[in-house]
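Since the structure comes first, as structure tokens, the remarks are kept for the end.
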Amino acid sequence: MTVRFAFILLLFPFLSNCQTAPAIQIIPQPLRVEAREGNFKLQADTRIFVPADQPDWDLAAQYFMALAQSSTGYKLASQPFKTAIREPRSNAIYFLPDEKIAAAEGYTLEVKPNAILIRARTAAGAFYAVQSLRQLFPPTFNSVQLTANTSWTALACLIEDAPRFAYRGLHLDVARHFFPVSFVKKYIDLLAAHKLNTFHWHLTDDQGWRIEIKKYPKLQTIAACRKETLIGHNSDLPQLFDGKPYCGYYTQQEVKDVVEYARRHFVTIIPEIEMPGHAQAALAAYPELGCTGGPYATATKWGVFGDVFCAGNEQTFIFLNDVLAEVSALFPGPYIHVGGDECPKDSWKKCPKCQKRIKDEHLADEHALQSYVIGRAEKMLEKHGKKLIGWDEILEGGLAPSATVMSWRGIEGGVAAARMHHDVIMTPTTHVYFDYYQSDPATEKLGIGGFLPLEKTYSYEPIPDSITAEEARYILGAQGNLWTEYTPNSADVEYMVYPRACALAEIVWTAKEQKSWPDFVQRLPAHFARLDAMGVNYAKTFYDVSVSFSGGKVNLATLDAKSKIRFTTDGQEPTASAELYSEPFAIAKTTTVKAAVFTNNKRLGKVVTAEYLVHKASGKPYTMSRTPGRYSGGEAYALTNGMVGNAQTHHINWVGLVNNDLDPIIDLGVPTTFSRVTMHYLDKRGAWIYPPVSMEVYGSADGQNFTLLAKRAVLPQTKAGSHAETVVLETPNAKTRYLKVVVQKFGVIPAGAPGAGEGAWMFVDEIIVE
Ligand code: TNX
């Protein structure tokens, strides 16, 4: 260990503990922060010194001056200097190139009462110093509006900083919903403010082609439009549509404008052109590029579609090459993303041209044919001076020689690629899919599903345990993705991305030793004040109360240590005068708890409502012949934990099994009298979740020999969309210690329904014994 590094390790806990108010609270947490005495006061005549003849450095300085002007109104002027600075003038900010700074994007920021010194090896480093500096001023310094009567002081300190990963990305899908250039710029500005350096622009998909390609005008007139858009969730049955045409694309002029904007923010753009799947919009415009010749229509709902680019048709490759040529010319960055994900192979199996291609090229199967397409795209890109990135499916039929892999279906693709010495970007659904719910779906707008609270995102470590240090060098970094099926406008995009992108920033920027969830949580409220000033519609779920129920007690918790939780148990909305929560409290009967977080009598988050069922099996352990995997309901005994799920998501509270009956044997502890057993199940056939066929209840004194107490067939309800249903079995005056409930699976999904031919899932949330 170098002396300097040991010093940092020793100093860090000390520094973070002794921070006095107002503390230095920067996101992402820098490598080293040393608070000093006093502060620097920015004034209308503060001078900015920039190195002469270094336009990139000027960008970093200009960025700071523009920021200062919009909030303080000061029109600061920069002046070039040529020679080394011996003694800084007072009331000045210096941008100082410094070869001694080791990391390319690293910097030191020294704030003294008389001057601010920014040192970096590159202009990018200086830009990141500015991003830290803005966080040392009052939050309103970040405002796009003028704030009067403020003393613009920055806390004196010495910050030494450098990123952990070279690739720090954020993605935006503009195909499912389209966002104007003004918002794309705001998105880039915000990601740069969090020291992220790559914007992955998902420009084409089944539901829309969003980039002008001069050679193919029908991409603009046909592929950029869809006839209408699905209302509600893709898995709702029947599917309903809004009947309104939806169109949008960026002209090449607009793309150039965005590219230039990104350059000024030290952000590289990776454009994504999807192939061979997710191509339905392109096929709608040019049906001759599909296996059947069409007609095709731009998709109006979400999902994976079977109509993909024909891999047997040479015209497909002419089209792709032309498109990649225009795209490569527009984007100066080294990479072009070619998708490669979710390409069903059925149309290729039926297509004589594709089958001929497989034969002629001696390919093993359709997966190898997909690799053939990606391999040809790689060669085209090489000619245009670009490197290829693809989603992890590009591994399936053999990896193109110099492809970089984006691992999204977990980390396995990334691990496999790193082992093959290919560059990897980690972007697993489990931690960085910002389209997943960040709070209880019952209180959120409709989303795609999943459950990914801030803490889970924060916990992500991009280097898997299973690879060697040598292989780890191929993990370039990580990226958060925002797919926009369910985020139709920019306010919703901001809501889904922030503050989870703040957590992402610490994943990719902050040194592993410095990353700390408790510390992040205490820095976040100060950062929220900055996001407020920037006009960001970030999610306030940080202030939601999390509720749990164990050992007969209700436990309420909040991430924000400074605020208070108030609650009611009588169904009323909690107000600033509602009962203050201090410790877990017992409930003796079924109770509805409503709770919210308050600071200075003001409610900060949502009101959380939770019903806890108290019954004869609540809190009792059980065994099952089959343990649920992914859908465990969150707890070992989720079927008796007193909590029911809601129909909006099967990810919380629901216990799910596929191809299996659910058969808990509940130990009631002592022989217990009861006369009714109730079960809740989920009916969400669009998501392959079916009602069970029957329910049986058995009793036993020894847990071995069971006698049937009651049995009935389940009568499925015909209702639109996702719904939860109740089945009641009467067991008059039954008395037993062990209770076995058998819920019989549906079986195979019938023809014509989503998932036809597959085994149906069964989801149950609670077995209620009364
Ligand atoms: C999978 S991630 C997709 C996208 C969807 C997303 C929704 C990836 C490479 N493909 O097409 O929008 O899931 O979470």
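Closest heavy-atom contact between L504 and G480: CD2-N, 3.6 Å. Here the closest heavy-atom approach between residue G339 and residue H337 is recorded as N-ND1, 3.0 Å. When all heavy atoms of G243 and P245 are compared, the pair lying nearest together is O-CD, 3.8 Å. For the residue pair C354 and C310, the shortest heavy atom distance occurs at SG-SG, 3.8 Å.
Atom NZ of K356 has 12 or fewer heavy atoms from other residues, nucleotides or ligands within 6.0 Å.
A side-chain donor-acceptor contact under 3.5 Å links Q355 and E366. Side-chain polar atoms of E378 and S402 form a donor-acceptor pair below 3.5 angstrom. H650 and K684 share a side-chain donor-acceptor pair at under 3.5 Å. Between the side chains of Y690 and D683, no donor-acceptor pair is found at a separation under 3.5 Å. A donor-acceptor contact closer than 3.5 angstrom is absent between the side chains of Q252 and K214. Between D341 and H278, the side chains place a donor N or O and an acceptor N or O closer than 3.5 Å (distance only, hydrogens not considered). A donor atom on one side chain and an acceptor atom on the other are found under 3.5 Å apart for S694 and Q744. Remark: the E272 side chain and the Y335 side chain contain no N/O donor-acceptor pair separated by less than 3.5 Å. W408 and Q479 share no donor-acceptor pair across their side chains, judged by distance under 3.5 Å alone.
In this structure, the side chain of W654 engages the main chain of N646 through a donor-acceptor pair within 3.5 Å. A donor-acceptor contact shorter than 3.5 Å is absent between the side chain of E758 and the backbone of I749. Of the possible polar contacts, one joining the K345 side chain to the C343 backbone as a donor-acceptor pair under 3.5 Å is found. Under the 3.5 Å distance criterion, the side-chain polar atoms of Q438 are matched with a main-chain donor or acceptor of Y495. For D661 (side chain) and K745 (main-chain N/O), a donor-acceptor pair under 3.5 Å exists by modelled atom type. No side-chain donor-acceptor contact under 3.5 Å links H384 to the backbone of K386. T457 places no side-chain N or O within donor-acceptor distance of the main-chain N or O of V432, the cut-off being under 3.5 Å. Between the side chain of D435 and the backbone N or O of L482, no donor-acceptor pair lies under 3.5 Å. Looking at R500, its side chain does come within 3.5 Å of a backbone N or O of F434 through a donor-acceptor pair. In this structure, N313 contributes its side chain and G290 its backbone to no donor-acceptor pair below 3.5 Å.
Inter-residue side-chain proximity for I269 and V258 is flagged as met; some heavy-atom pair is nearer than 4.5 Å. A 4.5 Å side-chain heavy-atom check between Q370 and W348 finds at least one atom pair inside the cut-off. Two residues are said to be in side-chain contact when any heavy atoms from C-beta on lie closer than 4.5 Å; F319 and Y286 meet this criterion. With contacts defined as side-chain heavy-atom distances shorter than 4.5 Å, the pair V184/W201 qualifies. V259 places a side-chain heavy atom less than 4.5 Å from the side chain of P332. By the 4.5 Å heavy-atom criterion applied to side chains, I270 and I389 are counted as neighbours. Contact annotation: the side chain of W209 never approaches that of E274 to less than 4.5 Å [non-hydrogen atoms, C-beta and beyond].
Figure legend: cation-pi geometry between R226 and Y246, with NZ or CZ positioned under 6.0 Å from the six-membered ring centre and within 45° of its axis. Cation-pi geometry between R376 and F317 is met: under 6.0 angstrom from the ring centre, within 45 degrees of the axis.
Disulfide status for C225 with C247: present, SG atoms under 2.5 Å apart.
With respect to the salt-bridge test (charged N to carboxylate O, under 4.0 angstrom), the residues E725 and K719 qualify. We find that E494 and K186 are joined by a salt bridge, their nearest charged nitrogen and carboxylate oxygen being less than 4.0 Å apart. The existence of a salt bridge linking R176 and D206 is excluded, since no basic side-chain nitrogen approaches an acidic carboxylate oxygen closer than 4.0 Å. In this structure, E396 pairs ionically with R409, as a charged nitrogen and a carboxylate oxygen lie closer than 4.0 Å. The pair R357-E314 counts as a salt bridge, with a side-chain nitrogen and a carboxylate oxygen less than 4.0 angstrom apart.
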- Query: Please walk me through it: do D173 and N481 pass side chain to side chain contact (heavy atoms under 4.5 Å, CB included)?
  - Reply: CA-CA 8 Å; D173 166 13; N481 291 342; over 6 Å; no

- Evaluate the criterion side chain to side chain contact (heavy atoms under 4.5 Å, CB included) for residue pair L191 and V267; output intermediate values, then yes/no. CA-CA 9 Å; L191 75 88; V267 167; 3.9 Å; yes

- Message: Quick one, M275 with L320, criterion side chain to side chain contact (heavy atoms under 4.5 Å, CB included). Give me CA distance, side-chain angles, the key distance, then yes/no.
- Response: CA-CA 9 Å; M275 64 188 76; L320 293 176; 3.8 Å; yes

- Item | Full working for ring pair (Phe, Tyr, Trp, His ring centres under 6.0 Å) between Y187 and F199 | CA-CA 9 Å; Y187 197 78; F199 172 50; 5.7 Å; yes

- F451/Y436 under side chain to side chain contact (heavy atoms under 4.5 Å, CB included): CA gap, chis, key distance, verdict: CA-CA 6 Å; F451 185 54; Y436 290 7; over 6 Å; no

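A distance below 6.0 Å separates the ring centres of Y631 and F763. Between H177 and W302, the distance separating the two ring centers is shorter than 6.0 angstrom.
L381 CG to S328 OG: the interatomic distance, rounded to the nearest 0.5 Å, is 5.5 Å. Remark: D257 CG to Y250 OH distance equals 12.0 Å, nearest 0.5 Å. If you take CG on L283 and CG on L289, they are separated by 6.5 Å, rounding to the nearest 0.5 Å. Expressed to the nearest 0.5 Å, how far CG of D236 lies from NZ of K301 amounts to 12.0 Å.
For the ring-ring contact (aromatic ring centres under 6.0 Å, His included) test, no residue two or more places apart in sequence or in another chain qualifies with Y167.
Between L170 and the choices L196, T427, T198, the side chain to side chain contact (heavy atoms under 4.5 Å, CB included) rule is met once, by L196.
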Under 3.5 Å, side-chain donor or acceptor atoms of residues 410-426 against the rest of the protein: list the pairs with distances, not counting sequence neighbours.
from, atom 1, to, atom 2, distance (Å)
R419, NH2, S466, O, 2.9
H422, ND1, A403, O, 2.7
H422, NE2, P401, O, 3.4

